Asker: 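My questions will all concern the structure given below.
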Amino acid sequence: MENVKIKVEINGENKIWEVPVNEKLLDTLRRYGYKSVKKGCGEGTCGTCTVLINNTPVNSCIIFSVSVDGCKIMTVEGLGTVNNPHPLQSSIVEAGGVQCGYCTPGFLMSAYALLLKNPSPGIDDIRRATDGNLCRCTGYVKRVEGVLLAAKKMRGEK
């Protein structure tokens, strides 16, 4: 199988990756150590593998890595850390919106993309922006509350 080199900016760092021409972005990300990106359905319907490409949420399991040459990619590793979580991460936890956590990284990426575009989303905005992120554990209500809380924190409100 032929390999090609691609240049990406991932989580603020410039990288050159060598990728097989038929490799999906999900597999490339995991191979290069971005383990927050999870494999769920493998066909773009569950949202577990969602990453941001140029600030747009994308299911990384259905696009080829070669198609992101020259793009900015963001995974949860670029959002915050255990010691310094992003307000979105801490708010989802505070609201009780995490249970098993498997789908959480993809959900966070979709919610973060919304907050980049709309710092004051309503409940319907949040539901629309995250409707491609399936979760079997939380029931979604607490996650929506967490995004609303994060939006307040990000706007500097108490």
Side-chain angles (χ1 to χ4, degrees), residues 1-81 85-93 97-98 100-138 140 143-144 146-148 150-151 154:
M1 187 60 52
E2 180 185 351
N3 286 349
V4 297
K5 288 186 179 181
I6 63 170
K7 293 179 183 179
V8 296
E9 179 185 312
I10 181 153
N11 300 330
E13 295 182 16
N14 292 315
K15 302 281 185 177
I16 297 175
W17 289 340
E18 190 167 319
V19 299
V21 294
N22 67 342
E23 185 171 62
K24 301 295 176 132
L25 180 59
L26 166 66
D27 298 317
T28 300
L29 290 168
R30 291 193 56 83
R31 186 163 50 85
Y32 279 98
Y34 300 93
K35 301 297 185 187
S36 71
V37 186
K38 305 295 186 210
K39 184 171 186 175
C41 67
E43 54 190 39
T45 59
C46 75
T48 301
C49 66
T50 302
V51 298
L52 300 189
I53 298 177
N54 299 329
N55 290 333
T56 300
V58 174
N59 292 328
S60 64
C61 72
I62 59 171
I63 65 166
F64 292 111
S65 298
V66 295
S67 70
V68 300
D69 187 28
C71 292
K72 285 181 161 184
I73 302 169
M74 185 176 183
T75 68
V76 167
E77 287 91 348
L79 190 58
T81 66
H86 187 275
L88 177 60
Q89 292 169 304
S90 59
S91 295
I92 296 296
V93 171
V98 176
C100 86
Y102 195 78
C103 63
T104 303
F107 175 85
L108 288 169
M109 291 290 87
S110 293
Y112 182 68
L114 169 66
L115 293 173
L116 289 175
K117 292 178 187 168
N118 181 356
S120 299
I123 291 172
D124 289 339
D125 298 320
I126 297 166
R127 287 182 178 155
R128 265 192 303 279
T130 61
D131 72 353
N133 299 92
L134 303 181
C135 176
R136 294 181 177 168
C137 302
T138 64
Y140 304 102
R143 287 183 166 211
V144 171
V147 176
L148 290 170
M154 292 169 68

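Everything numeric in this text was worked out from a predicted model, so none of it was measured.
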Asker: Can you pull out every salt bridge (Lys or Arg N to Asp or Glu O under 4.0 Å) where at least one residue sits in residues 109-136? Sequence neighbours excluded, please.
Answerer: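 Of all non-adjacent pairs touching residues 109-136, those that pass salt bridge (Lys or Arg N to Asp or Glu O under 4.0 Å) are D125-R128.
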Asker: Shortest non-hydrogen contact from V8 to V68?
Answerer: CG1-O, 3.6 Å
Asker: Got a sec, which residues hit side chain to side chain donor-acceptor pair (under 3.5 Å) with N3, two or more places apart in sequence or on another chain?
Answerer: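 So N3 forms a side chain to side chain donor-acceptor pair (under 3.5 Å) with E18.
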Asker: Going by side-chain contact (heavy atoms from CB on, under 4.5 Å), name the residues that satisfy it together with C46, two or more places apart in sequence or in a different chain.
Answerer: C41, T48, L134
Asker: Please enumerate all residues that pass side chain to side chain donor-acceptor pair (under 3.5 Å) together with E13, with sequence neighbours excluded.
Answerer: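 E13: side chain to side chain donor-acceptor pair (under 3.5 Å) contacts with K15.
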Asker: Got a second to check how far L88's CG is from F107's CZ, nearest 0.5 Å?
Answerer: 7.5 Å
Asker: Start with the C-alpha distance between N133 and M109, add both sets of side-chain angles, then the distance that settles side-chain contact (heavy atoms from CB on, under 4.5 Å), and finish with yes or no.
Answerer: CA-CA 10 Å; N133 299 92; M109 291 290 87; over 6 Å; no
Asker: Under a 4.5 Å cut-off applied to non-hydrogen side-chain atoms, are I92 and V147 in contact?
Answerer: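 They are in side-chain contact.
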Asker: Could I get the full list of side chain to side chain donor-acceptor pair (under 3.5 Å) partners for T75, not counting sequence neighbours?
Answerer: N11, E77
Asker: Please identify each residue that fulfils side-chain contact (heavy atoms from CB on, under 4.5 Å) with A151, with sequence neighbours left out.
Answerer: L115, P121, R155
Asker: Tell me whether the count of non-hydrogen atoms from other residues, nucleotides or ligands lying under 6.0 Å of NZ in K35 goes above 12.
Answerer: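 Enclosed.
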Asker: Let's go through V58 and L25 carefully: what are the C-alpha distance in whole Å and the side-chain angles of both, what is the deciding distance for side-chain contact (heavy atoms from CB on, under 4.5 Å) to 0.1 Å, and is it a yes or a no?
Answerer: CA-CA 10 Å; V58 174; L25 180 59; 5.9 Å; no
Asker: Once rounded to the nearest 0.5 Å, what's the spacing between atom CZ of R143 and atom OG1 of T130?
Answerer: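 Atom-to-atom, R143:CZ and T130:OG1 are 8.5 Å apart.
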Asker: Can you tell me how far apart OG (S36) and CG (L29) are? Round to the nearest 0.5 Å.
Answerer: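 Rounded to the nearest 0.5 Å, the OG-CG separation comes to 8.0 Å.
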Asker: Is there side-chain contact between N14 and K7, with at least one heavy-atom pair below 4.5 Å?
Answerer: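 No, side chains not in contact.
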Asker: In this structure, are over 12 heavy atoms from other groups packed under 6.0 Å from I123 atom CD1?
Answerer: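 Check fails, neighbour count at 12 or below.
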Asker: According to side-chain hydrogen bond (donor to acceptor under 3.5 Å, both in side chains), does anything in residues 62-73 pair up with another residue at least two apart or in another chain? List the pairs.
Answerer: T28-S65
Asker: What distance do I53 atom CD1 and I63 atom CD1 have between them, rounded to the nearest 0.5 Å?
Answerer: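 That separation rounds to 3.5 Å.
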Asker: Write down the atom of C61, the atom of C49, and the distance for their closest heavy-atom approach.
Answerer: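 Looking at all heavy atoms of both residues, the shortest contact is N-SG, 3.3 Å.
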Asker: With sequence neighbours left out, which residue pairs that include part of residues 19-30 fulfil the salt bridge (Lys or Arg N to Asp or Glu O under 4.0 Å) condition?
Answerer: E23-R31
Asker: Please report the closest heavy-atom contact between N59 and G44, naming both atoms and the distance.
Answerer: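 Where N59 meets G44 most closely, the heavy atoms are ND2-O, 2.9 Å.
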Asker: Taking ring pair (Phe, Tyr, Trp, His ring centres under 6.0 Å) as the cut-off, I'd like each qualifying pair that reaches into residues 7-36, sequence neighbours left out, listed once.
Answerer: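 Pairs touching residues 7-36 that pass the test: W17-Y32.
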Asker: Among residues at least two apart in sequence or on other chains, which ones pass side-chain contact (heavy atoms from CB on, under 4.5 Å) with P57?
Answerer: T50, L52, S110, A113
Asker: V4: what forms a side-chain contact (heavy atoms from CB on, under 4.5 Å) with it, not counting sequence neighbours?
Answerer: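 In terms of side-chain contact (heavy atoms from CB on, under 4.5 Å), with neighbours along the sequence ignored, V4 is linked to E2, I6, V19, V21, V66.
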Asker: Does any pair with a residue in residues 37-47 pass side-chain hydrogen bond (donor to acceptor under 3.5 Å, both in side chains), and if so which ones, sequence neighbours excluded?
Answerer: none
